[in-house]
Amino acid sequence: MPGGGFVKLPGGSVVVALTLPRPSGGPSGADGKVRVLVHAANRARALTRLRNHGMRAVYLRGNAEPPTPDEVTAVLHHPDGLLWRGAPEDPPCPARAAGTWGQPQELWHPIRALLRGTPAS
């Protein structure tokens, strides 16, 4: 079951973060999970934006994995407001600083790169 959460911003909009299975035929054919971020007016519209891009079975249940402040900043500074990157294997640990996983963090990509099957440059 996909994990996810949301953050309500002071202006009334929300940022929704979901951890989903990587679509088959995704970039480089890799398996695993991706972290998807959406900025929208409300949670329902955020999920609608994902469904309009072909991700039909996307639901947000609970707020177990809300977006981090770095994720909120990334999605707010992107013109589309819809980003993804490979999710780390281990769940985030609050004691660790951001980006201290065993390997460097992958950069954020526009959602089109995930759905067309080639990595963005």
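With sequence neighbours left out, the side chain to side chain contact (heavy atoms under 4.5 Å, CB included) criterion links Ala17 to Arg35, Leu37, Pro67, Glu71.
A heavy-atom distance below 4.5 Å is found between the side chains of Leu76 and Leu9. Contact of the Val38 side chain with the Leu18 side chain is not registered, since no non-hydrogen atoms from C-beta on lie closer than 4.5 Å.
Judged by distance alone, the side chain of Arg45 and the main-chain N or O of Ala40 form no donor-acceptor pair under 3.5 Å. Within the 3.5 Å criterion, the main-chain N or O of Val58 finds a donor-acceptor partner in the side chain of Arg51. Of the possible donor and acceptor atoms, none in the side chain of Asp80 sits under 3.5 Å from a partner among the backbone N and O of Leu82.
Cluster annotation: Val14 is connected to Trp84 through the hydrophobic network of ILVMFWY side chains, with a link wherever side-chain heavy atoms come within less than 4.5 Å. Linking ILVMFWY side-chain heavy atoms closer than 4.5 Å, directly or via other members, places Ile111 and Val34 in a single hydrophobic cluster. Note on Met55 and Phe6: same hydrophobic cluster, where clusters join Ile, Leu, Val, Met, Phe, Trp and Tyr whose side-chain heavy atoms are under 4.5 Å apart, directly or indirectly. Connection of Leu83 to Val15 is established within a shared hydrophobic cluster, with ILVMFWY side chains joined at heavy-atom distances below 4.5 Å, either directly or through further cluster members. Tracing side-chain contacts under 4.5 Å through hydrophobic residues (I, L, V, M, F, W, Y), one never reaches Leu47 starting from Val72; they form parts of separate clusters.
Nearest approach of Ala46 to Val16, heavy atoms of both residues: CB-CG2, 3.7 Å. The shortest heavy-atom contact between Gly5 and Asn63 is CA-OD1, 2.9 Å. Contact between Glu106 and His109 at its shortest, heavy atoms only, is OE2-NE2, 2.9 Å.
The CH2 atom of Trp108 sits 9.5 Å away from the CG atom of Asp70 when rounded to the nearest 0.5 Å. In this structure, CZ on Arg43 lies 8.0 Å from NZ on Lys8, to the nearest 0.5 angstrom.
The number of heavy atoms from other shown groups lying within 6.0 Å of CZ (Arg85) is above 12.
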